[in-house]
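Worth saying up front: this structure is predicted, and the values here are computed from it rather than measured. Values below: all heavy atoms of this structure, side chains included; hydrogens, waters and symmetry mates excluded.
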Amino acid sequence: MTVFILVPGVFTGAHVWEDAAARLAAAGAEVHAVALGGLDGPRGAAGVGIDLETHIADVLAVIDSVGAAAGRESREIVLVGHDYGIHPVLGAADRRAERIARIVYLDAGMPQDGVPALAAVPDQSLREQLAECAGAGGPVGAEGAGELPPPARDEWPRWGSTAGIPDAALDRLTALAAPQPLDTLLQPLRLTGAAAAVPVTGVLCTGNGASIDMVQMRVGFGDSALQALTDPRVTFFELPTGHWPMLSCPAELAEVLLRAAAGEGHRLEPADAAEPPAHLRPFLLDVPELPRERTGNVDLYLPDAEGPRPAVVFVHGGPVPAEARPTPRDWPTLRGYARYAAGQGVVGVTLDHRLHDVADYERAAADVAAAVERVRADPRVDADRVALWFFSGGGLITADWLGAPPAWLRCLAATYPILAPMPNWGLAGSRFHPADAVAGAGALPIVLTRAGLELPEIAVTVEEFLAAAKNCGADVEVVDVPNGHHGFETLDPTDESREAVHRAMRSVLTHLTHLTA
């Protein structure tokens, strides 16, 4: 018999597991939902004395109780940590590694030794506020100095997508939510590495902005922090729901947990596989091998033409790990577009910006703005005729240019862009919301290339943007690639994909120079 030990996330108690636990029990499993100190039952004043170690001890007590009766030691224990709950789960697994058959990360981050759970709080502004208050020793909220007040009903999205949760369940979640003892978020997690050999399963909730394809993409980028996820002992599942699947789809969650316990699930491909990762495969067009000129983080591909020429600045997506090599401006797709543009008589520009994490959008946007000004200052560039072309995760940076387009910006293009922050990125209060900014675009021409086989969590952001653009009368041309994936220029080298690239380039150059490609 498999024994599931279920550990809840912030503000929540064992009650959130009721429906999923009942289904696991009906399937023949033994189930224990952990009551965490300060979140279940009587609470001390303002979370005093309750920290991460308290919650690790709570999980350890359940693990030890499972093996207390004779003959029970051989039962396979599966530890499931949702959200913050993965921190006490890992702390307990580190101390009872020999007892644990599998650890399940349920829409949770990847905690590291010495890093507190505060680092995983999705809302960036709230994370900074908590860190500042903790450092000053001042009050955190209405509940006092040692606790974080639970969200009001309409505030739960700051902690994760509520997609799929029935109204009654959201009402109950809010009614039973408890203040989170602040020290549970501030005390660093300490790990010895003893549990490193325990098999792992990640359950990703696509409605919250996570998917297997997105993780595989980051592995392909060379993200060293994710290389361990390619171990054959690591499996993945997806659930098409928000951050609280135990409330939105308990039956589906129970099924996934049972399959995870059986060792099933998707396995990632290592980054060093024989076939190169998707972003390093050849560009789908034959473009002229024009020389480049490199200055700092900017590369210029200069046309064989006299006088100042218009420019197209190609902005890569991300997040891309800082250690990724080659860097994005040397990826075949970016080089291919820039050389294509230069072959048509304009200056093609690629650059590297510092979008290494979802918390880096402000500095990445500043890098892009500085690079654009450097390009416009070049005497070989017509400073009054510039187009910006964004890709993938760089799409959020379009908000800076859509809201108040400068007169010299003649066209803005975006190819398979992310046009709204993922719910788990914590950017709800930031300026990076293109769907809001497009109302200020005025007559700025926008060329949007849409992949028909786009990742669902990204496709929904594109549709949100297009709806907003339609409502405000923005000038948007959509170039569709019905059978194209995210990154179709290297994944899908078909006639359909080639025609889409040609059409998008023709449109951009027409708006920019009245030339045609």
Side-chain angles (χ1 to χ4, degrees), residues 284-285 312-318 333-334 336-338 340-341 346 348 355 361 365 368 372 386-406 409-422 432-492 494 496-513 516-517:
L284 79 176
L285 298 179
V312 183
V313 180
F314 297 95
V315 181
H316 70 79
T333 292
L334 274 296
Y337 273 101
Y340 183 13
V346 303
L355 181 59
Y361 268 98
V368 172
V372 170
V386 176
L388 302 181
W389 196 323
F390 297 83
F391 295 81
S392 190
L396 295 191
I397 303 174
T398 63
D400 282 354
W401 306 95
L402 290 167
L409 181 58
R410 300 303 181 93
C411 182
L412 186 147
T415 295
Y416 42 82
I418 298 175
L419 290 174
M422 297 290 115
F432 300 106
H433 287 259
D436 295 336
V438 72
L444 174 68
I446 302 167
V447 179
L448 195 159
T449 303
R450 178 170 58 182
L453 302 178
E454 180 61 273
L455 305 177
E457 59 273 20
I458 295 177
V460 70
T461 72
V462 174
E463 297 313 307
E464 176 188 344
F465 174 83
L466 290 176
K470 182 178 180 180
N471 287 339
C472 68
D475 180 8
V476 180
E477 176 187 356
V478 177
V479 177
D480 277 316
V481 192
N483 299 296
H485 295 81
H486 193 93
F488 64 85
E489 300 95 339
T490 56
L491 279 174
D492 309 304
T494 64
E496 176 187 82
S497 298
R498 294 185 187 93
E499 176 52 33
V501 174
H502 286 310
R503 179 182 163 192
M505 185 66 77
R506 281 196 299 267
S507 294
V508 170
L509 295 186
T510 297
H511 293 303
L512 184 63
T513 69
T516 58

Please check if the side chain of [X] supplies one atom and the backbone of [Y] the other of a donor-acceptor pair under 3.5 Å.
X: Arg498; Y: Leu285; result: no
X: Glu496; Y: Asn483; result: yes
X: Thr333; Y: Glu489; result: no

Could you report the tightest heavy-atom contact between [X] and [Y], atom names first, then the distance?
X: Leu355; Y: Gly393; value: CD2-O, 4.2 Å
X: Tyr361; Y: Gly318; value: OH-O, 4.5 Å
X: Ala420; Y: Thr461; value: N-CB, 3.5 Å
X: Met422; Y: Glu457; value: CE-O, 3.3 Å
X: Gly484; Y: Ala451; value: O-CB, 3.3 Å
X: Ala437; Y: Ala399; value: CB-O, 3.5 Å

From [X] [atom1] over to [Y] [atom2], what is the distance, rounded to the nearest 0.5 angstrom?
X: Ile446; Y: Thr398; atom1: CD1; atom2: OG1; answer: 8.0 Å
X: Leu396; Y: His433; atom1: CG; atom2: NE2; answer: 8.0 Å
X: Glu463; Y: Ile458; atom1: CD; atom2: CD1; answer: 13.0 Å
X: Glu464; Y: Asp436; atom1: CD; atom2: CG; answer: 7.5 Å
X: Asp492; Y: Ser497; atom1: CG; atom2: OG; answer: 5.0 Å
X: Ser392; Y: Ile418; atom1: OG; atom2: CD1; answer: 4.5 Å

How about [X] and [Y]: do any of their side-chain heavy atoms sit closer than 4.5 Å?
X: Val368; Y: Leu388; result: no
X: Leu444; Y: Trp401; result: no
X: Phe390; Y: Pro417; result: no
X: Tyr337; Y: Val312; result: no

- Task: Run the numbers on Leu512 and Cys411 for side chain to side chain contact (heavy atoms under 4.5 Å, CB included), then give the verdict.
- Result: CA-CA 6 Å; Leu512 184 63; Cys411 182; 5.5 Å; no
- Task: Describe, in one word, how the ring planes of Tyr416 and Phe488 are oriented to each other, choosing from parallel (under 30°), tilted (30 to 60°) and perpendicular (over 60°).
- Result: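 Judged by the thresholds at 30° and 60°, the geometry between Tyr416 and Phe488 is perpendicular.
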- Message: Please confirm whether the ring centroid of Tyr340 lies under 6.0 Å from the ring centroid of His502.
- Response: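 Yes, the ring centres sit under 6.0 Å apart.
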